[in-house]
Amino acid sequence: MRGMLLVTKRELGSYFNSIWGYIVAAVILMIDGLFFNAFSMTEEARYSFEVLRDFFYFSFGTTTIAAILLTMRLVAEEKQTNTIVLLDASPLADWQIIGGKYLSAFTFLAILILATFYMPLLVMVNGKVSMGHIFAGYLGLMLVGSSTTAIGTFASTLSRSQLVSAVIGGVITVFLLISWLLAKVAEPPLDDVLSYMSLFDKHFRTTFMEGRINTKDVVFYLSVSFAFLTMATRFFAARRWK
Amino acid sequence: MIEVRGLTRYYGDFPAVRDVSFNIGENVIVGFLGLNGAGKSTVLKVLGGLLMPSAGTVKFQGIDALDAPDSLRKKIGYLPEDPPLYKEMRVQEFLTWCGEIKGMDSASVSKRLPKVIELCDLKSVQDRIIGELSHGFKKRVGIAQAIIHQPDLVILDEPISGLDPVQIVEMRKVLKSLKSECTVLISSHILSEISQTCDRILVLHGGQIVAEGSEKELSDKLSRAPRVELVLRGDQDAAQKVADAFESVTSVKFTALQGDLFRAVVNLESDDREELVAQLIGAGLGLRAMSEDQSGELEDVFLGLTNAPDGTAGRLEAKPAKESEAVEDEASEPTDDADTAESDEEDES
């Protein structure tokens, strides 16, 4: 565990010491703010519930984009600059390296998600906010962030190019986002599988986004995170044999 | 300390290292000498636990590298040719982090750090950002990260490449000082470096060890027939007749010089040069100068063993035919640097 935390510490340092982390944070917070202003702070009278629901709707999108942008460098950059040798030559197990990198990206993303907290609080000015809705929404965003960070970490182990990693991570994420559409045209039992895999439609839209917490959705997101981290560790470990 | 038996390593279908076996003891500096693509880096990566062997065994202090790769890496320090450094970190911060990921606790790192900084002469830059350092200092930081955890084995791949002459001399001192606390393996294709730094040399070519021993032992392996260069005055035909009649002359080559002077390069089967000179003088030729081709230097040994295309290869004996084939095989690879190809393949994966 100590080894994993050491990797996390260094990776987090690299986010805060490089301009990339700040650029991603600034862009994501700006987009979040613009969306909030455009969709939630309108002249038209709306229920606080609807405003919060919309907020979590676009925050879902910005969270997935941020996760892909933050994770694309995790392993790919180390391969590109050859600093991967430091980790290869260390006694750290592969799961510690992958776990540490994932944890650093997720921690940064979590800080980014929590930095949007002022927006639901603004709703309080003119409305009545349900703290349960806010809690459920943020829990959902954290779980989505965890899953997409794991997907991005996995994608980053596949290439030495950050761009290619981002594309792979993006493709996987988009597939999981639109799988509910594919489910509509697929035959049974594939339609059920595709529908279940939907990151947004099945597990976020009708639950976390509307202030409800369903254990099945929590398990789904944690399972996606675990599955992609396991695959990332396997692919990462394979480099010693290739 | 290190026991390697039948080590083979493939990259895809390409055998970078084939059936390599050797033993290495404690507190010695061993050099891996070879041309680019000879398999040096691959052997070192396998010894460092960065790559797993395709076949064969690598034992370190009696433990098979495949049985406990993670714990063995605690005892090994590794520095590739291009030092792997996080350029945004400061030297001291980086070395502390390296010590910690190699299993040291904070107190041990704090205790060890000043010694390593002194050993690698990093005092003047210890608080600076790594990205701002010169290449020589980056190499030293690279060595420092390899030895921070007091490993029993330090592996340095091309440690002097890219250094200027002053830095090379300083690096040599650092390498020699490491010997007192651990075994050091270095690879290089710079012959003088290997001969000045190492106690023992393993010559790799085409993924195989073609020779091993000290510089002297390697030189002794080169049993070359003497070659004499003479500057003579007189009739070249008379010299040719003497050479033809002289039993141990295997070949002779004449080159006309000024006037009636000419040069004769004579290859002899045995060292009968006094007799040859006596016969030439007896035939009425004047001897102006005689010199002997320098034999037995490490460079000759290396070129001979690796069958380099400089015309010296034919002078070697006991050179297996398959090694010549290996050279051709390697030359037909898409890249002439297998080490580069290796890392590329690795990275692509």
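Proteins come first, then strands; the chains are lettered A, B, ... in the order of their sequence lines, and each starts at number 1.
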Sort [X] into side chain, backbone, both or neither according to what part of it lies under 4.5 angstrom from a heavy atom of chain A.
X       : value
B/Glu88 : side chain
B/Glu93 : neither
B/Leu85 : backbone
B/Pro83 : neither

Most chain A-contacting option - heavy-atom pairs closer than 4.5 Å, from [options]:
options                               : answer
B/Lys87, B/Lys74, B/Glu100            : B/Glu100
B/Phe94, B/Tyr10, B/Tyr86, B/Trp97    : B/Tyr86
B/Gly103, B/Pro84, B/Gly142, B/Ala146 : B/Pro84
B/Gly48, B/Gly49, B/Gly77, B/Ser54    : B/Gly49

Crowded around [X] [atom1]? As in, over 12 foreign heavy atoms under 6.0 Å?
X        : atom1 : result
A/Arg234 : CZ    : no
A/Phe200 : CZ    : yes
A/Tyr196 : OH    : yes

Original post:
Is the side chain of A/Arg160 donor-acceptor paired with the backbone N or O of A/Glu77 at a distance under 3.5 Å, no angle test?
Top reply: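 Such a contact is absent between A/Arg160 side chain and A/Glu77 backbone.
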Original post:
What orientation do A/Phe55 and A/Tyr138 show, parallel under 30°, tilted 30 to 60°, or perpendicular over 60°?
Top reply: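 Answer is tilted, since the angle falls between 30° and 60°.
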Original post:
Should the pair A/Phe220 and A/His203 be assigned to parallel (<30°), tilted (30 to 60°) or perpendicular (>60°) ring geometry?
Top reply: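 Ring orientation, 0 to 90° scale: parallel.
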Subject >> Pairs of heavy atoms under 4.5 Å with chain B: top-ranked of A/Gln96, A/Glu78, A/Gln80 >> reply: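 Between A/Gln96, A/Glu78, A/Gln80, the count favours A/Glu78.
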Original post:
Who in residues 104-111 of chain B is close to chain A, using a strict under-4.5 Å heavy-atom cut-off?
Top reply: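 Residues of residues 104-111 of chain B touching chain A at under 4.5 Å: B/Met104, B/Asp105, B/Ser106.
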Please check if the distance between the ring centroids of [X] and [Y] is under 6.0 Å.
X        : Y       : value
B/Phe32  : B/Phe22 : yes
A/Tyr22  : A/Tyr15 : no
A/Phe236 : A/Trp95 : no

Subject >> Under-4.0 Å salt bridge between A/Asp94 and A/Arg239 >> reply: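 Judged by the 4.0 Å cut-off on N to carboxylate O distance, A/Asp94 and A/Arg239 do form a salt bridge.
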Subject >> Proximal component of A/Ser14, with respect to chain B [non-hydrogen, under 4.5 Å] >> reply: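 Both backbone and side chain.
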Original post:
Would you call A/Ile134 and A/Phe117 a side-chain contact if the rule is heavy atoms closer than 4.5 Å?
Top reply: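 Yes, side chains in contact.
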